[in-house]
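Right, one structure below, let's go through it.
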Amino acid sequence: MSSRIGVVTFPGSLDDRDALRAVTTMGGDAVPLWHGAHDLRGVDAVILPGGFSYGDYLRTGALARFADVMDEVRDFARGGGPVLGICNGFQILCEAGLLPGALSRNASLRFLCRTVPLRVETSATPVTGRLVPGEVVEIPIKHGEGRYVADGDLLARLEDEGQVVFRYAHADGTVDERANPNGSAASIAGVRNDAGNVVGLMPHPEHAVDPDVGPVGGQPLFASLLEHVGARV
């Protein structure tokens, strides 16, 4: 039996179907979840996709955090269930207090859309189990508010506890400001929570699984997630 991966649709979500298709492409059972639902339909993992939930009025993710389904997602995460937030989903998880830090306007104040190299910082998450620290994957970004921000104490804790999951990098894995597209603190492109079961990243792995349309750097992330939940069942 395939692992069941739920993908939440909020008002305004536009990458939910891409995430559902990516799960199916990688061999999982994709389960649509509605923002007003009070039931996660028995899924083994939850994805909060990218795409302007609630139009992102007020502040990105600030309204979506109050959606009914987020109560279920919080309980699921607190119980150890794997949760992945992509782009707007990352913003929602930060707004909901499930991930540390926040996302703000890109340093350039311009919307960015291109494929970027990411350096893997840890394999100790549900989406990086098949990856090796230092390995580089190429995944597209498309965001206007993807700049990860945190104060000095939080950044130090993230580094000390190994909670940085991805950094923007050059193709050879070198990290510097020239490879940091949005001005994120410490070039951070993804983080995890203390327990390691909740991960957020700004790039879009769901857009990088089909070799006919672009890079496939998202494949190992979905493969890792399916392997992780398969081992838990």
Side-chain angles (χ1 to χ4, degrees), residues 1-10 13 15-51 53 61 64-65 67-99 120 122-131 137 139 163 165-166 189-209 216-233:
M1 184 175 66
S2 298
S3 298
R4 289 167 56 81
I5 311 298
V7 178
V8 178
T9 298
F10 299 93
S13 291
D15 291 328
D16 48 342
R17 293 186 179 275
D18 301 81
L20 289 163
R21 184 165 54 249
V23 169
T24 301
T25 298
M26 295 304 297
D29 182 5
V31 181
L33 299 172
W34 189 236
H35 67 98
H38 294 276
D39 179 5
L40 295 183
R41 301 178 59 190
V43 297
D44 303 303
V46 175
I47 294 175
L48 304 188
S53 63
R65 63 170 290 195
D68 289 341
V69 74
M70 288 305 296
D71 290 335
E72 309 301 326
V73 172
R74 288 185 184 88
D75 290 343
F76 183 76
R78 287 166 183 155
V83 178
L84 171 63
I86 301 169
C87 193
N88 198 198
F90 185 11
Q91 295 160 342
I92 295 168
L93 290 174
C94 290
E95 291 287 337
L98 291 172
L99 284 176
V120 179
T122 177
S123 58
T125 81
V127 298
T128 54
R130 284 195 172 193
L131 293 166
V137 294
I139 295 180
Q163 290 181 240
V165 180
F166 295 104
V191 298
R192 67 170 177 83
N193 65 346
D194 291 339
N197 62 304
V198 180
V199 176
L201 74 160
M202 186 49 53
H204 289 260
E206 78 279 18
H207 295 325
V209 297
V216 293
Q219 286 189 356
L221 279 70
F222 286 98
S224 296
L225 179 61
L226 290 169
E227 185 173 88
H228 178 85
V229 299
R232 296 179 81 235
V233 174

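Every heavy atom of this structure was used, including side-chain atoms; hydrogens, water molecules and symmetry mates were not. Numbers here simply count residues along the sequence, with the first being 1.
Of the residues listed (Val8, Ile47, Leu48, Asp16), the one engaging Leu33 in a side-chain contact (heavy atoms from CB on, under 4.5 Å) is Val8, and it is the only one.
Judged as a side-chain contact (heavy atoms from CB on, under 4.5 Å), and not counting sequence neighbours, the contacts of Asp194 are Arg157, Gln163. For Arg130, the side-chain hydrogen bond (donor to acceptor under 3.5 Å, both in side chains) test picks out Glu227, with sequence neighbours left out.
Considering only heavy atoms from C-beta on, Asp68 stays 4.5 Å or farther from Trp34 through its side chain. For the pair Phe222 and Glu206, the minimum side-chain heavy-atom distance is below 4.5 Å. When side chains are defined from C-beta on, Ser53 counts as touching Ile92, because their heavy atoms get closer than 4.5 Å. Taking 4.5 Å as the limit, every side-chain heavy atom of Ile86 sits out of range of all side-chain heavy atoms of Asp15. Between Val165 and Leu201 there is no side-chain heavy-atom pair separated by less than 4.5 Å. A heavy-atom distance below 4.5 Å is not found between the side chains of Thr128 and Ser224. Looking at heavy atoms from C-beta onward, Pro126 lies out of side-chain contact with Leu84 at the 4.5 angstrom threshold. Using a 4.5 Å cut-off on side-chain heavy atoms (C-beta onward), Ser123 and Leu131 make no contact.
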Test side chain to side chain contact (heavy atoms under 4.5 Å, CB included) on Val83 and Leu93; report intermediate values, then the result. CA-CA 9 Å; Val83 178; Leu93 290 174; 4.0 Å; yes
Go through the steps for Phe10 and Asn88 under the test side chain to side chain contact (heavy atoms under 4.5 Å, CB included), then give the verdict. CA-CA 10 Å; Phe10 299 93; Asn88 198 198; over 6 Å; no
Between Leu221 and Ile139, is a side chain to side chain contact (heavy atoms under 4.5 Å, CB included) present by the stated rule, with each step listed? CA-CA 11 Å; Leu221 279 70; Ile139 295 180; 4.3 Å; yes
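Looking at Asn193, its side chain does come within 3.5 Å of a backbone N or O of Val198 through a donor-acceptor pair. Counting only distance, with no hydrogens or angles, the side chain of Asp44 and the backbone of Arg4 share a donor-acceptor pair below 3.5 Å. Between the side chain of Gln219 and the backbone N or O of Val209, at least one donor-acceptor pair lies under 3.5 Å.
In this structure, Arg192 CZ and Thr122 OG1 are separated by 6.0 Å, a value rounded to the nearest 0.5 Å. To the nearest 0.5 Å, atoms NE2 (His228) and OG1 (Thr125) are separated by 8.5 Å.
The two residues Ser2 and Gly28 come nearest to each other via the heavy atoms CB-C, 4.2 Å. The two residues Pro32 and Ala30 come nearest to each other via the heavy atoms CD-O, 3.8 Å. For the residue pair Pro205 and Pro203, the shortest heavy atom distance occurs at CD-O, 3.2 Å.
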Without placing hydrogens or testing angles, list every side-chain donor-acceptor pair under 3.5 Å for residues 73-81, not counting sequence neighbours.
from: Arg74; atom 1: NH1; to: Met70; atom 2: O; distance (Å): 3.4
from: Arg74; atom 1: NH1; to: Asp71; atom 2: OD1; distance (Å): 3.3
from: Arg74; atom 1: NH2; to: Arg65; atom 2: O; distance (Å): 3.0

